[in-house]
Number of protein chains: 2
Amino acid sequence: MSLTSDIIRGHTETIILAQLLHHDSYGYEINKSIRDRTNGDYEAKEGTLYTAFRRLEQAGYIRSYWGDESSGARRRYYGITDEGRAYYQENKEDWLKIKGIIDRLIEADTTEGGN
Amino acid sequence: MSLTSDIIRGHTETIILAQLLHHDSYGYEINKSIRDRTNGDYEAKEGTLYTAFRRLEQAGYIRSYWGDESSGARRRYYGITDEGRAYYQENKEDWLKIKGIIDRLIEADTTEGGN
DNA sequence: CAAAATACCTCGTCTGTCAAGGTATTTTCT
DNA sequence: AGAAAATACCTTGACAGACGAGGTATTTTG
């Protein structure tokens, strides 16, 4: 269990949605984007990524379509839906809340006080 | 999937260890402590808690012993080991790092810039 | 022409979470 | 005294997300 894995579990969907906020993109590029933004600290595994795409699409949070590349390998592009934006927003708020909870519980030493 | 569940997944062990940093404690009390420290926002489920205890003990991060209560129900106390403290410390550092990564990826909109 | 890179995808395994079920004792309420 | 709630422990099985391993096809590079 590296840095990532269980700890990032559950954030994959939100991370993907975040990459789609400003422009449509495709799997390979999204993955690279994630790697770049974290300076290589985190990289989504392909299996994880594609299962997440399926989930998000089934839930109606993203739409997909084939790009019409005249050269290069075919690409499946993904675009975020309105529902996806709402879902992203919720998740982001949850994250801010949970961050606080974990901080409290982990740093948590009561530093004297109570009882 | 409530606020907690997948998102907190992976932090359970660290949260438990944190509760044991300053004094030994037992399952029920640890659970209450978690609930109290988060004002009820988070509560570990019993199943999750006890499986985590088993894992932590097998890994040598905590030790357990039966309390000699003369009244009240029997209690199994847990104490953190030196290895547990080290593990806690690592996890805490990982958390700080991951927090930054997720923040970057979720807030992530590059806010113009790159490329 | 072979190898590497781009680009897609699925399947099966693993692991942590948790609902549901269970035991035993003590306290509180009526 | 008896019932209900609280304290306190525990296990089992199902579920879901992550991911290693495997696979296809095209294009670029050497």
Side-chain angles (χ1 to χ4, degrees), chain A residues 1-17 19 24-36 42-59 61-62 64-78 91 98 102, chain B residues 1-17 19 24-36 42-59 61-62 64-78 91 98 101-102 105:
Chain A
M1 66 275 301
S2 51
L3 250 189
T4 53
S5 65
D6 257 335
I7 310 291
I8 264 172
R9 185 189 248 251
H11 295 292
T12 310
E13 297 185 356
T14 317
I15 290 170
I16 291 171
L17 291 176
Q19 313 312 309
D24 293 5
S25 187
Y26 57 96
Y28 218 75
E29 193 184 53
I30 291 170
N31 208 200
K32 247 203 218 139
S33 166
I34 291 172
R35 209 185 310 126
D36 290 351
Y42 177 57
E43 168 174 36
K45 303 310 176 314
E46 288 204 340
T48 305
L49 210 60
Y50 285 104
T51 50
F53 286 147
R54 302 293 153 264
R55 246 182 292 138
L56 285 166
E57 187 159 25
Q58 278 205 317
Y61 297 141
I62 59 175
S64 76
Y65 54 93
W66 288 101
D68 59 341
E69 277 69 45
S70 43
S71 80
R74 77 201 204 283
R75 297 171 175 166
R76 186 197 283 278
Y77 281 86
Y78 298 98
N91 285 358
I98 285 158
I102 296 176
Chain B
M1 69 286 287
S2 51
L3 250 188
T4 52
S5 66
D6 255 339
I7 310 291
I8 265 173
R9 184 190 248 249
H11 295 293
T12 308
E13 297 185 355
T14 317
I15 289 170
I16 291 171
L17 292 176
Q19 314 310 310
D24 293 6
S25 187
Y26 58 97
Y28 218 76
E29 192 183 53
I30 290 170
N31 209 200
K32 246 203 219 139
S33 165
I34 291 172
R35 208 185 311 126
D36 290 351
Y42 178 58
E43 168 175 39
K45 303 309 176 312
E46 288 204 341
T48 306
L49 210 60
Y50 285 104
T51 50
F53 285 147
R54 301 293 154 267
R55 245 182 293 137
L56 285 167
E57 188 160 23
Q58 279 204 316
Y61 298 141
I62 59 175
S64 75
Y65 54 94
W66 286 102
D68 59 341
E69 278 68 46
S70 42
S71 80
R74 76 200 206 283
R75 297 169 176 167
R76 186 196 284 277
Y77 282 86
Y78 299 97
N91 285 357
I98 285 158
I101 291 175
I102 296 176
L105 287 172

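The sequence lines fix the lettering, A, B, ..., with proteins before strands; numbering per chain opens at 1.
- Distance B:His11 NE2 to C:dT17 P: 10 Å, rounded to the nearest Å.
- Looking at the side chain of A:Lys45, the nearest of the listed nucleotides D:dA18, C:dT6, D:dG20 is D:dG20.
- The distance from atom OH of A:Tyr26 to atom NZ of A:Lys32, rounded to the nearest 0.5 Å, is 6.0 Å.
- OP1 or OP2 of D:dC10 sits under 4.0 Å from a side-chain N or O of B:Arg54.
- In terms of heavy atoms, A:Ile30 sits closest to A:Ser25 at CG1-OG, 3.5 Å.
- Summary of the strand contacts: A:Gly10 and B:Tyr26 both lie near DNA chain D, and taking for each the nucleotide with the nearest heavy atom, the more 5' one is attributed to B:Tyr26.
- Note on B:Thr51: a base of the nucleic acid sits closer than 4.0 angstrom, heavy atoms only.
- In this structure, A:Ile34 places its CD1 atom 12 Å from P of D:dC19, rounding to the nearest Å.
- Atom P of nucleotide C:dG16 and atom CD1 of B:Ile7 are separated by 17 Å, given to the nearest angstrom.
- Taking 4.0 angstrom as the limit, B:Arg75 places a side-chain polar atom (N or O) nearer than this to OP1 or OP2 of D:dA8.
- Both A:Arg9 and A:Tyr28 sit near DNA chain C, but only A:Tyr28 has its closest nucleotide nearer the 5' end.
- For B:Glu46 against D:dC9, a side-chain-to-base donor-acceptor contact under 3.5 Å is present.
- The separation between B:Arg74 atom CZ and D:dT7 atom C1' is 12 Å, rounded to whole Å.
- Remark: A:Tyr42 OH to A:Ile8 CD1 distance equals 4.5 Å, nearest 0.5 Å.
- At the phosphate of D:dC9, OP1 or OP2 sits under 4.0 Å from a side-chain N or O atom of B:Tyr50.
- Straight-line distance from the CG atom of B:Leu49 to the P atom of C:dT17: 10 Å, rounded to whole Å.
- Residue contacts for A:Arg76: at a heavy-atom cut-off of 4.0 Å it reaches the sugar-phosphate backbone alone, with no base atom in range.
- The shortest non-hydrogen separation linking B:Ala52 to B:Thr12 is CB-CG2, 4.0 Å.
- Side chain of A:Ser33 to main chain of A:Glu29: no donor-acceptor pair is present (N/O by atom type, distance under 3.5 Å, no hydrogens or angles).
- Summarising the geometry, the separation between OH on A:Tyr77 and C1' on C:dT6 is reported as 12 Å, rounded to the nearest angstrom.
- One atom, NZ of A:Lys32, and another, C1' of C:dT6, lie 8 Å apart when rounded to the nearest Å.
- Close to D:dG17, at under 4.0 Å from its OP1 or OP2, lies no side-chain N or O of A:Thr48.
- Between B:Arg55 and C:dT17, a side-chain N or O to OP1/OP2 separation shorter than 4.0 Å is present.
- C:dT6 atom P lies 16 Å from atom CD1 of A:Ile30, rounded to whole Å.
- At D:dG17, none of the side-chain N or O atoms of A:Thr12 fall inside 4.0 Å of OP1 or OP2 (strictly under the cut-off).
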